[in-house]
J.: 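To start, I am sharing the structure in question, which I have written as structure tokens.
Bear in mind that the values here come from a model prediction, so they are computed numbers and not experimental data. A, B, ... follow the sequence lines: proteins, then strands. Residue 1 opens every chain.
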Protein chains: 2
Amino acid sequence: MRADTAEAEKLVARIAEVFRERGYEGASLTRIGQATGLGKGSLYNFFPGGKEEMAAVVLAHIAAWFEENVFAPLRDEGQPAAGIGRMLDATDLYFQSGGRVCLVGAFALDDSRNRFVTEIRAYFGSWVAHLSAALQRGGRDKPEADQLAEDTVAAIQGALTLSRAFDDTAVFSRALARARARLAV
Amino acid sequence: MRADTAEAEKLVARIAEVFRERGYEGASLTRIGQATGLGKGSLYNFFPGGKEEMAAVVLAHIAAWFEENVFAPLRDEGQPAAGIGRMLDATDLYFQSGGRVCLVGAFALDDSRNRFVTEIRAYFGSWVAHLSAALQRGGRDKPEADQLAEDTVAAIQGALTLSRAFDDTAVFSRALARARARLAV
DNA sequence: GTCTATAGATCGATAGAC
DNA sequence: GTCTATCGATCTATAGAC
């Protein structure tokens, strides 16, 4: 579907929430219909490829958001430290301080991973690569930057899991604060 | 079901693998039947509560394994550093160096969390609490130990996600090595 | 205890009226 | 573009023969 209008944006965002809360298998067309206020006929009009296309469009939507708000600052900001700061702010905003799960991370864990290998790999790969590059521009050598970047992205993912497990967003906030300190922003 | 015989152990372990690979919604009784070599009638003979009871028994099985191999060393080993070392060894063994996903972590992310809130909270809560206690016995003060324990468990979970995303167990191995260093074993 | 057969609900997807 | 009706497959769960 064309995802450029505000209306389409809202539709994709609502579908994304269903996938996030229920997972790929748990996100039935009935539930997606309820969440969007659309019948199955309308959904298939927008997404002829059905549920799999809906998930693919949602993943593309997420990729675009991260490119603009997370990766671009890491890449383009003159001062790497400022870019890293903006990356962490965007991360906090996106995951609603730990109240919202990472759909890509959830997909990576179960069988839906096989459906979306490319998208999942690109998402985490870009995140780690851009963060490492920013750290290297900040003066760290490559091995150290690579390791720190990988470790930071993993810490964010793990904190999301623990926040959900404890139903406590403070876990995520602490993890982000700690990342901020380790990355020396 | 009674889970004390070797036969029953094997059955629960096979069911666990299906839940791990497919998630709660994706683990259909047909697939569980194929993985165990049992018909639906037999499965319901062992688990009258059906799929939900199967998942509950699997979670109890995991809890028992972690109690024995992960939490007990942290609690009982005379030298806290030795207990932490054994905890990390058991973690590496259990997750097959990153090739195996954490079922409890996966359940925490989607709607199955609501079904098993108690079990999920207990699993992560025990892990963090036991690790923090060991760190305190090792000389660290409580706030520092709590934070380090939470951060370590989150790092392990995040590393499992990234290992799956990149299809590379080296990510998990690096995370465990780094945890070993941070915990000063 | 094991199986097959099947119920009843829900799944993803399609057809066709409007 | 939206809806309802419906298809065939699959789901969880049960019944009942052996």
Side-chain angles (χ1 to χ4, degrees), chain A residues 1-60 103 106-107 110-116 119, chain B residues 1-59 103 106-107 110-116:
Chain A
M1 81 176 290
R2 298 172 57 224
D4 47 356
T5 74
E7 212 53 36
E9 288 277 327
K10 211 179 287 180
L11 175 59
V12 174
R14 281 185 179 152
I15 296 174
E17 280 315 302
V18 181
F19 279 115
R20 235 185 291 271
E21 285 162 17
R22 306 279 185 166
Y24 186 80
E25 297 279 353
S28 72
L29 294 191
T30 302
R31 279 180 182 132
I32 293 174
Q34 288 167 347
T36 58
L38 290 176
K40 295 181 186 180
S42 301
L43 288 173
Y44 273 89
N45 175 57
F46 288 123
F47 307 95
K51 186 170 157 175
E52 181 152 359
E53 185 180 344
M54 295 181 208
V57 169
V58 163
L59 287 176
L103 179 61
F107 275 10
D110 66 17
D111 193 51
S112 38
R113 166 183 174 276
N114 301 320
R115 241 183 249 267
F116 305 108
E119 291 89 337
Chain B
M1 80 175 292
R2 298 173 57 225
D4 47 356
T5 74
E7 212 55 35
E9 288 276 328
K10 211 178 291 183
L11 175 59
V12 174
R14 282 186 178 152
I15 296 174
E17 279 316 302
V18 182
F19 278 117
R20 235 184 292 270
E21 285 162 15
R22 307 278 185 164
Y24 185 81
E25 298 278 353
S28 72
L29 295 191
T30 302
R31 280 180 182 132
I32 292 174
Q34 288 167 348
T36 58
L38 289 176
K40 295 180 187 181
S42 302
L43 288 173
Y44 273 90
N45 176 57
F46 289 123
F47 308 95
K51 186 170 158 176
E52 181 153 359
E53 185 181 344
M54 295 181 207
V57 169
V58 163
L59 287 176
L103 179 61
F107 275 11
D110 66 17
D111 193 52
S112 37
R113 166 182 174 275
N114 300 319
R115 242 182 247 267
F116 304 109

J.: For residues B:Val12 and B:Ile15, determine if any side-chain heavy atom of one lies less than 4.5 Å from a side-chain heavy atom of the other.
T.: no
J.: Quick one: are B:Tyr24 and A:Glu25 in side-chain contact, heavy atoms under 4.5 Å?
T.: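 No, too far: nothing below the 4.5 Å cut-off.
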J.: Whole Å only: how far is the CG atom of B:Asn45 from the C1' atom of D:dG16?
T.: 14 Å
J.: Is there a donor-acceptor contact under 3.5 Å from the side chain of B:Arg31 to the main chain of B:Gly26?
T.: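 Yes, B:Arg31 side chain to B:Gly26 backbone: donor-acceptor pair under 3.5 Å.
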J.: What is the distance, to the nearest angstrom, from the CZ atom on B:Phe46 to the P atom on C:dG1?
T.: 7 Å
J.: Taking side chain as C-beta onward, heavy atoms only, is A:Asp110 less than 4.5 Å from B:Arg22?
T.: no
J.: Can you pull every protein N or O that's under 3.5 Å from an N or O on nucleotides 11-15 of chain D?
T.:
{"residue": "D:dC11", "atom": "OP1", "partner": "B:Ser28", "partner atom": "OG", "Å": "3.3"}
{"residue": "D:dC11", "atom": "OP2", "partner": "B:Thr30", "partner atom": "OG1", "Å": "3.4"}
{"residue": "D:dT12", "atom": "OP1", "partner": "B:Lys51", "partner atom": "NZ", "Å": "2.9"}
{"residue": "D:dT12", "atom": "OP2", "partner": "B:Leu29", "partner atom": "N", "Å": "2.8"}
{"residue": "D:dA13", "atom": "OP2", "partner": "B:Tyr44", "partner atom": "OH", "Å": "2.7"}
{"residue": "D:dA13", "atom": "OP2", "partner": "B:Lys51", "partner atom": "N", "Å": "3.2"}
{"residue": "D:dA13", "atom": "O5'", "partner": "B:Tyr44", "partner atom": "OH", "Å": "2.9"}

J.: Would you give me the side-chain donor-acceptor pairs under 3.5 Å for residues 41-50 of chain B, sequence neighbours excluded?
T.:
none

J.: Provide, to the nearest angstrom, the distance between the CE atom belonging to A:Met54 and the P atom belonging to C:dA13.
T.: 8 Å
